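Keep in mind the model is a prediction, meaning the values are calculated, not measured.
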Amino acid sequence: MEPVKTCIYPGCDRPAVPPHPAGGPQPAFCDREDHNALTAHQKRKELENG
């Protein structure tokens with residue numbers, strides 16, 4: 001059994017959404033709507049700039 005993948009949103013430790021039953025890669029983010037590629041990028045920039 002593979003280890004549980006964690007959401008890649010900065011500071012989030014929730015588990016990532018499981019892979020779709022039909023196949024494909026496991027998503028990188030959890031089930032929170034505000035945790036997605038755009039908001040993660042914005043948060044990283046915010047943290048980078050203090």
Side-chain angles (χ1 to χ4, degrees):
M1 188 167 167
E2 291 187 35
V4 176
K5 190 173 179 179
T6 304
C7 178
I8 65 169
Y9 188 88
C12 183
D13 59 359
R14 295 168 52 111
V17 175
H20 191 278
Q26 181 175 5
F29 297 96
C30 66
D31 58 358
R32 285 187 51 173
E33 283 189 31
D34 61 332
H35 286 193
N36 57 57
L38 175 60
T39 60
H41 173 74
Q42 292 169 337
K43 184 69 172 180
R44 283 191 297 273
K45 287 292 187 187
E46 178 185 311
L47 293 170
E48 184 179 289
N49 294 328

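In plain terms, the two heavy atoms of T39 and N36 that are nearest each other are N-OD1, 2.9 Å. In terms of heavy atoms, F29 sits closest to H35 at CB-O, 3.4 Å. The two residues C30 and P15 make their nearest non-hydrogen contact at CB-O, 3.3 Å. The two residues P27 and P18 have their closest heavy-atom pair at CD-O, 3.7 Å. The minimum heavy-atom distance linking R32 with D34 is given by the pair NH2-OD2, 2.6 Å. Minimum heavy-atom separation, V17 to D31: CG2-N, 3.7 Å.
Applying the side chain to side chain contact (heavy atoms under 4.5 Å, CB included) rule to R44 yields the partners P10, A40, H41; only residues at least two apart in sequence or on another chain are considered.
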